[in-house]
Undergrad: 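Before I ask anything, let me first share the structure, which is written out below as C-alpha cells.
Whatever order the structure lists them in is the order used to number ligands and atoms, beginning at 1.
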Amino acid sequence: MPRIFSGIQPSGELHIGNYLGAVKNWVALQHEHPSFFCIVNYHAITQAFTPAELRRRTREMAVSLLASGLDPARCVVFVQSEVPEHTELAWLFNPLTPVGELERQVQYKEKSAKQEQVMAGILNYPILQAADILLYHADIVPVGEDQVQHLELSRVIARNFNARFSPDAPYFPEPQPRLTPTRRIVGLDGQAKMSKSIGNTIGLLETPEQMWDKLRPAVTDPSRQRKSDPGEPERCPVIYQLHRAFSPAPVVAEVEENCRGARWGCMDCKKVLHQHMAAELTPIRERAEALQARPAEVDALLADGAARARAVAKDTIAAVRGKMGLDAAH
Ligand code: AMP
Ligand code: TRP
C-alpha cells in the first residue's frame with residue numbers, strides 16, 4: 001500500500017492556496033493510504049523568525065489542519081521538531097546530495113537573491129525535505145506545483161543512497177508528487193502565485209465578511225470594462241479559478257455562460273463565488289474556533305502524533321545507520 005507524506009511550514013496563516021493546492025487533497029488521501037502530515041518547523045527557521053512567533057504559529061497551523069479535516073484517527077499529524085530523527089537523516093543525506101542540484105533549485109535562487117548574506121539553511125532546505133519523506137518510506141507526496149523540483153531532488157538522494165548503500169534491493173522508494181487541478185492558485189492581484197510573503201492571500205479562517213472585502217476589489221477579465229462587455233472566463237485569473245475550486249459544476253457552467261453572454265457583471269459573479277466559498281469554509285472556521293478554545297486537546301493530539309511518527313522514524317534510522325556502517329558501537 002503506497003504511503004503518503006507531506007509537510008507544511010508554520011510560517012503564517014494557512015491560506016486558500018495551501019488549502020486547495022495541498023491540504024484538501026491530504027484530507028481526501030488520509031482515507032485511502034497510510035498517511036503522515038508534518039508541520040515543518042525545522043524548515044521554518046531557515047527564514048526570518050522569532051521564537052515566540054514560531055511557537056504560536058506552529059500551534060495555529062495544527063489547529064488549521066485539524067479544522068480542515070485531518071483526522072488523527074486516520075493519519076499521523078505531528079510537529080517535525082518532536083521527531084529528531086528528521087535532522088539526523090538530513091545530515092546522513094548530506095554526503096549524497098550534489099551541491100549543484102541544491103544551487104539550481106528555483107526556490108533557493110529566489111530566496112537567496114533577497115538576502116545580503118545567504119545562510120546554509122536555505123541551500124540545504126531540500127535535503128531536510130528528502131529526509132522528511134524518506135524517513136517514512138513515502139511513495140506519494142501531495143503538494144502544490146512549486147514543490148515538484150524539490151521532489152526531483154528527493155528522488156536523486158533516494159537513488160544515490162540505494163546505489164551506494166543498498167545496491168541489491170533498493171531501501172528507499174523514489175517519491176512522486178501528487179498534484180491536483182488546483183496546483184497553482186493565483187493571488188488576489190491576479191499576477192503571482194498566492195503567497196503569504198506577497199500579501200495576496202485569503203486566509204482559510206477569515207470570516208465571510210473579511211473574504212468579501214478581499215474578493216470585491218480582486219482583478220477580473222480585463223476585457224470586461226462594463227457589464228455589457230462579453231467576457232472570457234479563461235482570462236479571469238482569480239475569480240474563475242476559485243469558482244472551479246469551490247462552486248459545483250452546474251454553477252461553474254452557469255458562470256461561464258453568463259460571463260460570455262454579458263448577462264452577469266463581475267460583482268454578480270463574485271457574489272455567487274462568495275456564497276460557495278463561505279459554504280465550504282465556514283464549518284472549517286467554526287471547528288478551528290472550537291479547537292482554539294481547547295489547547296490541551298490539541299497538545300495531546302500532537303504528542304500522540306509525534307509518538308506514532310517516531311516509532312516509524314526510529315526503525316528507519318536504525319536501518320540507515322546499519323547500512324552506512326554507523327553502528328559500530330552496538
Ligand atoms: P508552504 O506554505 O510553502 O509550506 O506550502 C504548503 C503547501 O501548499 C505546499 O504543498 C505548496 O506547494 C502548497 N501551495 C502553496 N502556495 C500555493 C498556491 N498558491 N497554489 C497551490 N498550492 C500552493
Ligand atoms: N518545502 C515545503 C513547502 O515549502 C514544505 C515541506 C517540507 C514538505 N518537507 C516536506 C512538503 C515534505 C512535502 C514533503 O511547502
Undergrad: Answer side chain, backbone, both or neither: which part of I133 comes under 4.0 Å from ligand 2, heavy atoms only.
TA: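 Just the side chain.
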Undergrad: Checking a contact table here: which protein heavy atom is nearest atom 21 (C) of ligand 1, and how many Å away?
TA: R183 O, 3.2 Å
Undergrad: What class does the angle between the rings of F93 and F172 fall in, given that below 30° is parallel, 30 to 60° is tilted and above 60° is perpendicular?
TA: perpendicular
Undergrad: Considering only heavy atoms, which of I16, L14, I185 lies nearest to atom 20 (N) of ligand 1?
TA: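 Answer by nearest heavy atom: I185.
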Undergrad: So is there a nitrogen or oxygen of Q129 less than 3.5 Å from a nitrogen or oxygen in ligand 2?
TA: yes
Undergrad: Considering only heavy atoms of R184, which atoms of ligand 1 have at least one such atom less than 4.0 Å away?
TA: 20 (N), 21 (C)
Undergrad: Show the atoms of ligand 2 that are less than 4.0 angstrom away from any heavy atom in Q9.
TA: 4 (O)
Undergrad: Using a 4.0 Å cutoff against the non-hydrogen atoms of V40, which atoms of ligand 2 qualify?
TA: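 Those atoms are 7 (C), 9 (N).
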Undergrad: Please write down residue, atom name and distance for the protein heavy atom closest to atom 14 (N) of ligand 1.
TA: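 Minimum-distance protein heavy atom for atom 14 (N) of ligand 1 reads N18 ND2, 3.7 Å.
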Undergrad: Hey, looking at atom 1 (N) of ligand 2, which of Y125, F37, Y42 has the closest heavy atom?
TA: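 Shortest heavy-atom distance from atom 1 (N) of ligand 2: Y125.
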Undergrad: Is T182 touching ligand 1 with its side chain, its backbone, both, or neither, if touching means heavy atoms under 4.0 Å apart?
TA: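 The part of T182 near ligand 1 is the backbone, not the side chain.
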Undergrad: Suppose we measure from atom 10 (O) of ligand 1 to each protein heavy atom; which comes out shortest, and what is that distance?
TA: G144 N, 3.1 Å
Undergrad: Among all protein heavy atoms, pick out the one at the shortest distance from atom 22 (N) of ligand 1; state its residue, atom name and that distance to 0.1 Å.
TA: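 So the nearest neighbour among protein heavy atoms is G17 O, 3.3 Å.
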Undergrad: In the protein, what heavy atom is nearest to atom 7 (C) of ligand 1, and what distance, to one decimal place, separates them?
TA: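 Checking every protein heavy atom, the shortest distance to atom 7 (C) of ligand 1 gives A22 CB, 3.8 Å.
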Undergrad: Heavy-atom distance to atom 12 (O) of ligand 1: which of D146, T201, T180, V143 wins?
TA: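 Selected option, by shortest heavy-atom distance: D146.
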Undergrad: Does the side chain of M61 come within less than 4.5 Å of L65's, by heavy atoms?
TA: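 In short, these two side chains touch, coming nearer than 4.5 Å.
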Undergrad: One residue to check: D146. Relative to ligand 2, which of side chain, backbone, both or neither has a non-hydrogen atom less than 4.0 Å away?
TA: neither
Undergrad: Note the single closest protein heavy atom to atom 3 (O) of ligand 1, along with its residue, its atom name and the distance in Å.
TA: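 The answer is Q9 NE2, 4.4 Å.
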